[in-house]
Structure formats: structure tokens, C-alpha cells
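Worksheet: the structure to be examined is printed underneath.
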Amino acid sequence: MSVASRRLTPSRRGQEMPHSAIDRLVPSAEAAAARGVRIHYLNIGQPDLATPPPILGAITGFEGPTIAYAPSRGHPDTLRAWAAYYEQACGAVVPPEHLLVTTGGGEAIVFAMMAVADPGDEILVFDPSYTSYCGFAAMANVALRSIMLDPADDYALPSTAAIEAALTPRTRAVLLCNPNNPTGAVYGERELRLLLDVAERHGLYLLVDEVYRELVFDGLPQTTVLSIAGAMNRTILVDSVSKRFNACGARIGCLTSANEEVMGAALRFAQARLAVPTVEQLATAALLRDPLSYTSTLAVEYARRRDAALAALRALSGVTYSRPHGAFYIILGLPVADAEDFARWMLEEFSLDGETTMVAPLEGFYVTPGHGANEARLAFVLDDERLARAVRILGAGLERYNARPETRNAS
Ligand SMILES: Cc1ncc(COP(=O)(O)O)c(C=O)c1O
């Protein structure tokens with residue numbers, strides 16, 4: 001066969017890259033919105049709160065003359081601002097050379113995975129997990145292995161022995177999201193020390209994703225891995241302004257480690273992409289230098305939203321739900337066989353007084369196949385009243401969906 005007639009096929013990596021469990025239903029949502037349906041977006045962690053004025057002011061007030069590249073590691077003002085943030089928010093002194101500004105927390109996750117694992121190596125995660133870990137691992141050709149956590153046990157981490165039993169000769173790191181998306185679990189010093197001990201005994205890195213750091217409820221302590229002496233030599237911390245400053249679109253994150261070799265690798269990855277957007281770096285620095293003025297009320301706000309969502313869920317028959325202690329997600333067990341089909345139907349075929357509700361099917365949040373078929377994730381990112389309304393609409397949708405002849409015949 002001549003080269004010219006060879007069929008063009010994308011790479012295996014490209015073909016096997018999973019669809020985002022969060023974005024998969026977006027075309028159906030766009031079509032519903034185009035039909036004039038008002039959608040309550042409980043599918044994605046995009047809060048409805050306003051971005052704080054210092055960030056908006058710095059963006060609109062940017063004075064040229066040129067939007068120049070920032071240094072690959074990050075703008076010096078932004079690096080200093082992250083250090084100031086860690087001192088105020090976590091009581092931790094982090095030297096600027098242990099920090100790297102990234103394009104959102106997402107880029108920090110990819111850099112961390114690529115810095116610690118080669119193609120074919122494994123990273124251990126806990127199921128259910130933030131769905132994009134699967135996509136990032138696929139991009140890095142890293143395999144995720146998972147340990148299932150038990151909702152009945154509030155998604156507690158397993159014993160040391162169970163974690164050790166899941167390690168293989170290819171395991172390079174353990175990845176923990178704390179507070180957790182999607183489970184809402186909040187892990188304390190005991191769990192972090194347990195993972196650090198395992199990591200130390202088996203020569204592993206620990207990746208900790210703390211993008212929801214401030215969102216801890218029920219009087220639980222906020223525990224950052226930065227507070228554990230010596231931890232940062234084998235730990236890579238992933239962070240972001242997206243959730244805590246309502247600045248998801250600014251795309252500013254941070255990667256932190258005291259491990260020089262890891263930071264060297266991360267910096268070389270960063271050099272290839274040149275820089276993170278300069279204006280947003282400078283704009284978010286304004287708030288990173290004085291974070292508590294904004295973040296000190298966040299947990300109260302989201303605990304109220306959680307309670308409003310839970311109160312509304314209590315009225316739905318046949319729906320089970322988790323009670324999160326942190327972050328802003330609730331896992332729903334729905335009385336349907338296929339939560340993705342139901343979520344799509346809500347967008348394509350259902351509306352109540354011109355409104356519908358969008359949730360994220362949970363199957364794509366499990367690394368281990370065969371879980372989550374009847375589950376969905378609800379993000380409590382809207383105000384209390386709208387959340388209650390969105391949940392009522394979800395309940396009406398469930399009733400109508402399950403009353404359809406095709407659903408009744410299937411069950
Ligand atoms: C657990 C977790 N980590 C990282 C991210 C990435 O956030 P961003 O890239 O917006 O900073 C998200 C976004 O939802 C998340 O939920």
C-alpha cells in the first residue's frame with residue numbers, strides 16, 4: 001500500500017482517551033438551551049458566586065503596553081502570592097522554588113503524573129475518583145489502579161494492609177483528593193500519615209489534590225499535607241484558585257513539592273508550554289496575598305447549600321444520597337438502571353414549566369469498571385432556592401421517566 005493511500009487514524013492514545021464524564025452530555029444541554037429550556041446545571045463544579053472584585057478589577061484594569069510571556073515557573077509576583085497564601089491559609093512556609101504556577105489544577109495533575117510515572121507505570125487512587133484523573137492518566141500513558149471505598153463507611157480510607165495489597169511493582173504513587181470530589185469525604189492527619197508511611201515503606205510518591213481545601217463542614221479540622229513535617233519531600237501538592245475564588249475560567253493552579261528532582265521535571269514540562277496567562281496570574285495574585293478576607297465565609301455558605309440540597313432530596317422517593325463533609329458534591333443513588341440515559345433524557349425529552357436539571361452520571365468517576373451505573377453526582381453550586389427547585393425538577397423527572405412504558409417494560 002502506498003503511503004498516500006494509507007488510512008489516516010488517530011493515535012491509539014487519542015482513540016482510547018475517555019470522554020469526560022462531566023462534559024459528555026453537553027451537546028444535549030446545548031440543544032435544550034437552544035430550544036429555550038432553562039437548565040439548572042448541577043453537573044459541574046462551577047459555582048454561581050461572583051468572582052471577587054480584586055480579581056475582576058485587576059483583569060479589566062490591566063495596563064499594557066504588552067501582555068508578555070510570564071516566566072515558565074510563574075510570574076514572580078504570583079509565586080510570592082502563592083507563598084503568602086500558604087502562610088496565611090495553612091500556616092506553612094513554602095519557598096518560591098518549591099512552587100510552580102500551572103494552567104489550573106488540571107495541568108498540575110498532568111505534570112505531577114508525568115513527573116513521577118513512566119508509560120505503563122501505575123498510580124493508586126481511591127474509587128470513586130475525580131473523573132479527569134482518568135483522562136490525565138490516559139494522556140500520560142499511566143495506568144490507574146483503584147481501591148473501592150465504602151459509602152456506608154463514609155468513604156473512609158482502607159487499612160494499611162489493604163493499600164499495600166493493591167501495590168504492584170509498577171506502582172509509583174498514591175493519589176488522594178482531600179476534601180474529596182466526588183465523595184465529600186474529608187481526611188485528617190491520621191489518614192495522611194498512613195499514606196505517607198506506606199509511601200515511605202514502598203518508595204512511592206504521594207500526590208495530594210487540595211483544590212477544595214477551604215470547603216470543610218461540620219466542625220471537622222482542615223488538614224493540609226503541608227502541615228506534616230517532612231511530608232513534602234515525597235509529596236506533590238495540587239492546587240487551584242478555581243473553586244475557592246470562584247475563578248474557574250482564570251485557569252490558575254499551582255504545583256508544590258520540596259522534592260528538587262520532581263520540581264526540575266515539572267519546570268521542564270512547564271518550559272515546553274512557555275507560560276501561564278500573565279493577566280490572570282497577576283489578577284489572582286491580588287487575592288492570594290489576602291485570601292482569608294474572601295475564603296473565611298466559604299465553608300458556611302456551602303454548608304448551607306449542602307443542607308438545602310439534602311432537605312430537598314429527602315422529599316424524593318427511591319433516591320439515596322451521601323452526606324458530604326467537604327467539597328461541594330453529593331452522590332445520588334437513583335431508582336433507574338442507567339443514570340446516563342436518565343440524565344440525557346432529562347435534557348432531551350423532559351422539562352417542567354420550561355426548566356430541567358442536569359447532573360453528571362457517576363460511572364465515569366470509577367476507575368474500576370462495573371460501578372456507578374445508577375449513580376449521579378450533584379454539585380451544590382447554586383443558591384439554596386435554586387437548588388431546592390432543581391432537586392424538585394429532578395424528582396418530577398424521575399417519576400415521569402420511570403412511568404414511561406419502555407422503562408416499565410424493562411424493569
Ligand atoms: C478534584 C479536582 N482537582 C482538580 C480540578 C481542576 O480544577 P482547575 O483545573 O479548574 O483548577 C478539579 C475541577 O473540578 C477538581 O474537582
Side-chain angles (χ1 to χ4, degrees), residues 20-24 26 41-49 51 55 74 78 82 85 99-113 123 125-137 139-140 144 146 149 155 173-187 206-216 224-225 236-256 270 273 276-277 280-281 283-284 287-288 291 295 298 302 324-331 358-360 362 364-367 377-381:
S20 159
I22 299 169
D23 282 353
R24 212 163 31 206
V26 166
Y41 293 97
L42 305 187
N43 61 313
I44 188 165
Q46 163 71 68
D48 67 340
L49 301 172
T51 305
I55 295 183
T78 313
W82 272 103
Y85 164 79
L99 298 168
L100 180 99
V101 180
T102 55
T103 311
E107 189 180 64
I109 297 165
V110 190
F111 283 2
M113 286 183 172
I123 295 180
V125 298
F126 300 98
D127 255 347
S129 271
Y130 172 44
T131 180
S132 291
Y133 295 154
C134 298
F136 294 138
M139 284 163 69
L144 297 183
S146 71
L149 300 185
Y155 299 100
V174 179
L175 166 54
L176 180 74
C177 179
N178 184 34
N180 194 276
N181 171 9
T183 66
V186 174
Y187 301 104
L206 181 63
L207 314 187
V208 185
D209 179 341
E210 295 186 7
V211 308
Y212 297 95
R213 179 177 299 111
E214 283 82 358
L215 303 184
V216 174
T224 168
V225 70
I236 305 171
L237 174 64
V238 168
D239 218 331
S240 166
V241 303
S242 289
K243 318 292 175 171
R244 77 175 61 102
F245 295 156
N246 297 304
C248 295
R251 312 305 306 131
I252 301 296
C254 190
L255 178 150
T256 305
R273 59 75 165 123
V276 172
E280 283 78 359
Q281 282 201 61
T284 50
L287 213 60
L288 285 166
T295 57
L298 272 188
Y302 282 103
H325 301 294
F328 45 50
Y329 305 100
I330 296 173
I331 294 181
M358 185 171 182
V359 291
L362 206 72
F365 288 70
Y366 287 90
V367 171
R377 190 193 69 171
L378 176 158
F380 46 95
V381 289

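Counting starts at 1 for both ligands and their atoms, in listed order.
- Protein heavy atom at the shortest distance from atom 3 (N) of ligand 1 is Asp209 OD2, 2.6 Å.
- A distance of 8.0 Å separates CG in Asn180 from CD1 in Ile331, rounded to the nearest 0.5 Å.
- In this structure, Ile44 falls outside the shell of residues with a heavy atom less than 4.0 angstrom from ligand 1.
- Atoms of ligand 1 found under 4.0 Å from any heavy atom of Gly105 (numbered from 1 in listed order, with element): 8 (P), 9 (O), 11 (O).
- Closest protein heavy atom to atom 9 (O) of ligand 1: Arg251 NH2, 2.8 Å.
- Not one N or O on the side chain of Ser146 forms a donor-acceptor pair closer than 3.5 Å with the backbone of Val125.
- Under the 3.5 Å distance criterion, the side-chain polar atoms of Ser240 are left unmatched by any main-chain donor or acceptor of Val211.
- Within the structure, the closest approach of Cys177 to ligand 1 falls below 4.0 Å when heavy atoms are considered.
- Annotation: atom 14 (O) of ligand 1 to nearest protein heavy atom, Lys243 NZ, 2.8 Å.
- Screening Tyr302, Phe380, Tyr155 for a side chain to side chain contact (heavy atoms under 4.5 Å, CB included) involving Pro324 leaves a single residue, Phe380.
- Neither the backbone nor the side chain of Val241 has any atom closer than 4.0 Å to an atom of ligand 1 (non-hydrogen atoms only).
- Polar contact with ligand 1: present for Ser242 (N/O pair, distance under 3.5 Å).
- Under the 4.0 angstrom criterion for non-hydrogen atoms, Glu107 is not in contact with ligand 1.
- Heavy-atom contacts of Gly104 reach the following atoms of ligand 1: 9 (O), 11 (O) (cutoff under 4.0 Å).
- To the nearest 0.5 Å, atom OG of residue Ser20 and atom CD1 of residue Ile44 are 7.5 Å apart.
- Asp239 and Tyr85 form no side-chain donor-acceptor contact under 3.5 Å, judged by distance and modelled atom types alone.
- Considering backbone and side-chain atoms together, Thr103 places no N or O closer than 3.5 Å to any N or O of ligand 1.
- When every heavy atom of Asn43 is checked against every heavy atom of Arg377, the shortest pair comes out as O-NH2, 2.9 Å.
- With hydrogens and angles ignored, the 3.5 Å screen pairs a side-chain donor or acceptor of Asp127 with a backbone N or O of Val367.
- A donor-acceptor contact shorter than 3.5 Å links the side chain of Thr102 to the backbone of Gly104.
- At under 3.5 Å, a nitrogen or oxygen of Gly106, whether backbone or side chain, sits near a nitrogen or oxygen of ligand 1.
- Side chain of Glu210 to backbone of Leu237: no donor-acceptor contact under 3.5 angstrom is found.
- Below 4.0 Å from some heavy atom of Ser240 lie the following atoms of ligand 1, by number and element: 8 (P), 11 (O).
- Of the N or O atoms in Tyr133, none lie within a sub-3.5 Å distance of an N or O in ligand 1.
- Considering backbone and side-chain atoms alike, Val211 places every N or O at 3.5 Å or more from each N or O of ligand 1.
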